[in-house]
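Chain identifiers are assigned alphabetically (A, B, ...) following the order of the sequence lines, protein sequences preceding nucleic acid strands; residue numbering begins at 1 within each chain.
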Amino acid sequence: MTATHASQTSPAADPAALHLPVIAWFEQHARDLPWRRPEAGAWGVMVSEFMLQQTPVSRVLPVYEQWLARWPRPADLAAEAPGEAVRAWGRLGYPRRALRLHGAAQAIAERHGGEVPSDHAQLLALPGIGEYTAAAVASFAYGQRHAVLDTNVRRVFARAATGVQYPPTATTAAERRLARALLPEEEGTAARWAAASMELGALVCTARNEECGRCPIAAQCAWRLAGKPAHDGPARRGQTYAGTDRQVRGRLLAVLRDAPGSVPQSALDAVWPEPVQRGRALDGLVSDGLVEPLEGGRYRLPAGPPVTG
DNA sequence: GACACGTGGTC
DNA sequence: TGACCAAGTGT
């Protein structure tokens with residue numbers, strides 16, 4: 001190891017050198033997204049985080065607006081049948097998220113007095129909230145100091161600090177350690193850093209066609225300084241879709257979503273010709289709680305328990 | 001740790 | 001044009 005000069009400090013050695021430029025860039029270039037406005041509140045932040053899991057902002061925007069207008073508080077959603085959440089989810093994909101968001105709203109109504117909890121452990125205990133979302137809600141909605149490690153932040157750190165093009169497939173202990181080491185000490189600064197580093201990954205330090213010319217920390221980026229070496233190692237396995245159970249589930253659920261009430265078996269049979277795979281997909285939807293079988297071979301979105309008043 | 005889990009846009 | 005990608009979670 002050669003001696004480190006003050007003018008050549010690495011990002012990991014001097015995290016403060018990253019905070020100011022990235023946060024300043026964020027103040028200039030952050031998108032005006034509805035869940036970032038003060039009126040969104042913790043519930044708005046939480047709804048947006050569920051919808052944004054594996055789903056682009058542009059597709060989330062219209063559904064988010066309708067959702068918040070219809071269910072402005074967790075208790076409003078909790079009072080609905082879960083099937084209504086699935087229906088309102090529309091074509092966002094991964095409809096189990098709608099079911100989990102509904103379940104989280106019920107838990108908030110029952111256990112947390114109708115207020116989205118600010119405690120990280122309580123957030124983590126809610127259905128559909130994992131490591132990332134718990135940290136995101138605590139940080140974005142409540143200004144707390146948490147390492148928020150999503151795919152954008154992981155890519156920014158992989159490049160700026162580690163000097164590689166892409167982060168590992170799954171989040172590693174080393175990444176968590178690095179994220180904690182880079183986290184500003186002061187709570188409010190840490191929360192801004194979390195949002196800013198994520199936005200940088202979403203707008204500039206993107207997976208393909210990154211724009212280093214617009215990057216506020218290009219001068220310190222380990223990957224750029226190393227000549228931007230291409231990712232080595234095995235190609236990440238692509239997501240196949242055509243012909244999979246996933247596609248069949250999607251078609252079946254689309255029929256249910258577009259029907260006001262229940263549909264006959266024949267309506268489901270019509271969307272996929274192969275009976276074994278179709279049956280397997282339908283069974284999966286039922287066991288996931290996304291579809292409810294009725295008497296007489298009819299099906300509908302889940303109605304939930306009867307309202308007892 | 002690998003896999004299942006939707007959908008649509010991009011290059 | 002088919003892979004890759006998109007603010008992950010649960011098993």
Side-chain angles (χ1 to χ4, degrees), chain A residues 26 30-31 33-36 40 44-64 86 89-101 103-104 123-141 146-157 165-173 175 179 194-203 205-210 231 234-257 271 277 280-281 283-285 287-291:
Chain A
F26 183 63
R31 291 166 292 180
L33 300 171
W35 45 87
R36 286 181 176 161
V45 171
M46 183 175 140
V47 169
S48 77
E49 291 302 337
F50 270 77
M51 292 182 173
L52 288 163
Q53 291 168 5
Q54 300 285 282
T55 308
V57 166
S58 60
R59 302 228 329 269
V60 165
L61 282 169
V63 182
Y64 172 88
V86 174
W89 199 253
R91 304 190 66 78
L92 279 184
Y94 292 145
R96 291 188 296 191
R97 292 182 292 167
L99 225 43
R100 291 175 183 150
L101 179 52
L123 286 165
L124 199 53
L126 297 171
I129 295 193
E131 175 183 1
Y132 160 76
T133 304
V137 172
S139 180
F140 302 157
H146 292 283
V148 181
L149 265 186
D150 81 319
T151 189
N152 291 305
V153 174
R154 294 179 61 221
R155 187 174 54 249
V156 169
F157 290 178
Q165 186 177 20
Y166 296 120
T169 308
T171 307
T172 62
E175 287 183 275
S197 53
M198 187 176 308
E199 189 79 334
L200 187 63
L203 297 184
C205 192
T206 48
R208 289 176 295 190
N209 303 320
E210 68 282 353
H231 172 77
R236 290 114 77 181
R237 28 184 330 239
Q239 329 166 23
T240 54
Y241 183 65
T244 61
D245 286 8
R246 242 200 288 203
Q247 182 182 25
V248 184
R249 287 168 57 106
R251 288 198 184 178
L252 293 174
L253 206 57
V255 172
L256 277 294
R257 266 201 316 266
V271 298
Q277 188 179 25
R280 186 171 64 234
D283 286 349
L285 289 170
S287 60
D288 284 347
L290 283 163
V291 171

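- The nearest whole Å value for the distance from the CZ atom in Arg249(A) to the C1' atom in dC3(B) is 13 Å.
- Contacts of Asp283(A) classified as side chain to side chain contact (heavy atoms under 4.5 Å, CB included), with partners at least two apart in sequence or in another chain: none.
- An OP1 or OP2 oxygen of dT9(C) is reached within less than 4.0 angstrom by a side-chain nitrogen or oxygen of Thr133(A).
- Spacing of C1' atoms, dA7(C) relative to dA2(B), comes out at 23 Å, to the nearest Å.
- Taking atom CE of residue Met51(A) and atom C1' of nucleotide dT7(B), one finds them 15 Å apart after rounding to whole Å.
- Under the side chain to side chain contact (heavy atoms under 4.5 Å, CB included) criterion, Ala194(A) pairs with Ser139(A), Phe140(A), Val148(A), not counting sequence neighbours.
- Among dA6(C), dG8(C), dG6(B), the nucleotide with an atom closest to any side-chain atom of Pro56(A) is dA6(C).
- One interatomic measurement links the two molecules: CG of Leu123(A) to P of dT9(C), which rounds to 12 Å at whole-angstrom precision.
- Judged by closest nucleotide on DNA chain C, Thr206(A) is the one of Ala134(A) and Thr206(A) placed further toward the 5' end.
- Spacing between atom OH of Tyr166(A) and atom P of dC4(C) amounts to 10 Å, rounded to whole angstrom units.
- Judged purely by atom type and a 3.5 angstrom limit, Arg280(A) has no side-chain atom pairing as donor or acceptor with the backbone of Asp245(A).
- Residue Ala170(A) is classed as having no contact, given no heavy-atom separation below 4.0 Å to the nucleic acid.
- The shortest distance between side-chain heavy atoms of Arg31(A) and Leu203(A) falls below 4.5 Å.
- Regarding contacts with the backbone of dT7(B), a side-chain N or O of Arg257(A) is found under 4.0 angstrom from either OP1 or OP2.
- A search for side chain to side chain contact (heavy atoms under 4.5 Å, CB included) contacts involving Leu99(A) returns Pro82(A), Val86(A), Leu290(A), Pro302(A), not counting sequence neighbours.
- Comparing dA6(C) with dG1(B), their C1' atoms sit 22 Å apart, to the nearest whole Å.
- The CG atom of Leu203(A) sits 13 Å away from the P atom of dA6(C) (whole-angstrom rounding).
- In this structure, the side chain of Arg59(A) engages the main chain of Arg91(A) through a donor-acceptor pair within 3.5 Å.
- Residue side chain Thr55(A) reaches the base of dG6(B) through a donor-acceptor N/O pair under 3.5 Å, judged by distance alone.
- Between Leu52(A) atom CG and dG8(C) atom P there is a gap of 8 Å when expressed in whole angstrom units.
- Taking atom CZ of Phe50(A) as the reference point, atom P of dT9(C) lies 9 Å away to the nearest angstrom.
- Listed by first and then second residue, the salt bridge (charged side-chain N to carboxylate O under 4.0 Å, His left out) pairs involving residues 123-138 of chain A are Glu131(A)-Arg176(A) (not counting sequence neighbours).
- If you check every strand for non-hydrogen atoms under 4.0 Å, Gln247(A) touches nothing.
- A distance of about 15 Å separates the P atoms of dC4(C) and dC3(B), rounded to the whole Å.
- Within the 4.0 Å cut-off from OP1 or OP2 of dG6(B), not a single side-chain nitrogen or oxygen of Tyr241(A) is found.
- Listed by chain and number, the residues in a salt bridge (Lys or Arg N to Asp or Glu O under 4.0 Å) with Arg257(A) amount to none (sequence neighbours excluded).
- With dA7(C), dC5(C), dC5(B) as the candidates, the nucleotide lying closest to the side chain of Val57(A) is dA7(C).
- Candidate nucleotides dG6(B), dA7(C), dG8(B) were compared by shortest atom distance to the side chain of Arg91(A), and dG8(B) ranks first.
- Arg36(A) comes within contact range of at least one nucleobase, with a heavy-atom separation under 4.0 Å.
- Of the side-chain N and O atoms in Arg97(A), none sit less than 4.0 angstrom from OP1 or OP2 of dT9(C).
- The residue among Glu199(A) and Leu124(A) whose nearest nucleotide of DNA chain C is located toward the 5' end is Glu199(A).
- No contact: Trp89(A) has no heavy atom under 4.0 Å from any strand.
- At the heavy-atom level, Leu33(A) lies under 4.0 Å from base atoms of the strands shown.
- OP1 or OP2 of dG8(C) lies within a sub-4.0 Å distance of a side-chain N or O belonging to Gln54(A).
- Residue contacts shown for Leu253(A) are absent, as no nucleic acid heavy atom lies under 4.0 Å away.
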Table of protein N/O atoms under 3.5 Å from nucleotides 9-11 of chain B N/O atoms:
none

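- Gly130(A) comes within contact range of the sugar-phosphate backbone alone, with a heavy-atom separation under 4.0 Å but no base atom that close.
- Put simply, the side chain of Glu49(A) never gets that close to the backbone of Ala134(A): no donor and acceptor are under 3.5 Å apart.
- Atom CZ in Arg96(A) sits about 12 Å away from atom P in dT7(B), given to the nearest Å.
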